Amino acid sequence: MKPEDVAQYLQDHPQFFNEYADLLADIHIPGLHDDKVVSINERQVASLRERNRVLQDKLLELISFGEENDAIGEKMHRLTIALLSVSNMSEFFNALYFSLREDFAVPLVAMRLWNISCSDQEHVEFTPASQDVHIIAESLSQPYCGNHIADEIQCWFGEGAEHLNSFSMIPLNTTQTIGLLVLGSPDAERFYPEMGTLYLKRLGELACTTIARYDLAETASSEVTQDHVTNEQ
């Protein structure tokens, strides 16, 4: 008879130890963590304690994740409020970068925008990006996290680029791709390939929604002006 057969028999006949109760006192087995021989009752207690410890560790881990998510959620809420209050692109860039730096502890942030019709385009964020960068942004179905980015994108960080070891690239999409938001950190483990990207995706959505307000406003203003000119003619 194999050990598996014995185990299966005991599972199939739970009344066995009721019928042979003396065995519970007579059977002795090795302890969990040493060579000490203990009774089956002591072994059961030790096993239950070990299982309880594992469950407690798992519970503490879940509580830690919950607290971390609550903290991130609060930061995202503050950023949302800040972006709702901005009235131009300069305020948008300042509010976004301040939040990422102070609230989320991201030391360096870079962004490039295109396919936007707003007139307030004197900012470095509107510096033309190459077609390769456009293709990279359009190919991202979700934020990228890792240790490598294209040299052109890394150059957006200026002198601080040489100290960065991990990055997150967040595509900015409305009805089309309008840009790329890139976060950089000297910590090689800050943005790693296996990390969750839910909040990074929401960050991109917040940025796009704010940008679209000005893009739409410029488009509407242009249409009104064109209608006015047409009517005068």
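Given the structure is predicted, the values throughout are model-derived calculations rather than measurements. Just the heavy atoms: all of them, side chains too, but no hydrogens, waters or symmetry mates, feed the values below.
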Contacts table for residues 84-91: side-chain donor-acceptor under 3.5 angstrom, sequence neighbours left out:
| residue | atom | partner | partner atom | Å |
| --- | --- | --- | --- | --- |
| S85 | OG | A82 | O | 2.7 |
| S87 | OG | E91 | OE1 | 3.0 |
| S87 | OG | E91 | OE2 | 3.4 |
| N88 | OD1 | S90 | N | 3.1 |
| N88 | OD1 | E91 | N | 2.8 |
| S90 | OG | H123 | NE2 | 3.0 |
| E91 | OE1 | S87 | N | 2.7 |

Legend entry - Any M76 side-chain heavy atom under 4.5 Å of R202 side chain: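 A side-chain contact under 4.5 Å exists here.
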Inset, instruction - Compare all side-chain heavy atoms of Q131 with those of I135 and state whether any distance is below 4.5 angstrom. - result: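 Of all side-chain heavy-atom pairs linking I135 with Q131, at least one is under 4.5 Å.
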[atom1] of [X] to [atom2] of [Y]: how many Å apart, nearest 0.5 Å?
X	Y	atom1	atom2	result
M111	T127	CE	OG1	12.5 Å
I170	T197	CD1	OG1	9.5 Å
L181	Y97	CG	OH	7.0 Å
H77	D70	NE2	CG	13.0 Å
L113	E125	CG	CD	7.0 Å
H148	D151	NE2	CG	11.5 Å

Inset, instruction - Just do the side chain to side chain contact (heavy atoms under 4.5 Å, CB included) check on L100 and L203 with the steps written out, would you? - result: CA-CA 10 Å; L100 290 173; L203 173 62; 3.7 Å; yes
For the residue pair [X] and [Y], what are the closest heavy atoms and their distance?
X	Y	answer
R190	S185	CB-OG, 3.5 Å
I178	N115	CG2-O, 4.2 Å
P143	S168	CB-OG, 4.4 Å

Between [X] and [Y], is there a donor-acceptor pair closer than 3.5 Å when you use the side chain of the first and the backbone of the second?
X	Y	value
T177	N173	no
N147	N165	yes
S166	D187	yes
Q154	A161	yes

Legend entry - Residues clustering with L59 (ILVMFWY side chains joined when closer than 4.5 Å, directly or via others):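 Same cluster as L59: I63.
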Legend entry - Nonpolar side-chain network containing L164, other nodes, edges under 4.5 Å: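 Cluster partners of L164: L108, W114, V133, I136, L140, Y144, I149, I153, W156, F157, F167, M169, L180, V182.
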Inset, instruction - Could you pull out all residues at least two apart from Y199 that satisfy ring-ring contact (aromatic ring centres under 6.0 Å, His included)? - result: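 For Y199, no residue satisfies ring-ring contact (aromatic ring centres under 6.0 Å, His included) once neighbours in sequence are set aside.
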Inset, instruction - Say whether L206 and F98 are linked into one hydrophobic cluster, either directly or through other cluster members, by side-chain heavy-atom distances under 4.5 angstrom. - result: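 Cluster IDs for L206 and F98 differ.
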Under 3.5 Å, side-chain donor or acceptor atoms of residues 1-9 against the rest of the protein: list the pairs with distances, not counting sequence neighbours.
| residue | atom | partner | partner atom | Å |
| --- | --- | --- | --- | --- |
| D5 | OD2 | K2 | N | 3.2 |
| Q8 | NE2 | D12 | OD1 | 2.9 |
| Q8 | NE2 | D12 | OD2 | 3.3 |

Inset, instruction - Take atom NZ of K75 as the centre, draw a 6.0 Å sphere, and report whether it contains more than 12 heavy atoms from other residues, nucleotides or ligands. - result: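 Yes - once you tally the heavy atoms of other residues, nucleotides and ligands closer than 6.0 Å, there are more than 12.
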Inset, instruction - Would you check if there is a donor-acceptor pair between the side chains of E152 and S130 at a distance under 3.5 Å? - result: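 E152 and S130 do have a side-chain donor-acceptor pair below 3.5 Å.
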Legend entry - Summary of side-chain hydrogen bond (donor to acceptor under 3.5 Å, both in side chains) pairs that have at least one residue in residues 100-113, sequence neighbours excluded: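 For residues 100-113: R78-D103.
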Inset, instruction - Given side chain to side chain contact (heavy atoms under 4.5 Å, CB included), test C145 with Y192 step by step and report yes or no. - result: CA-CA 5 Å; C145 295; Y192 55 94; 6.0 Å; no
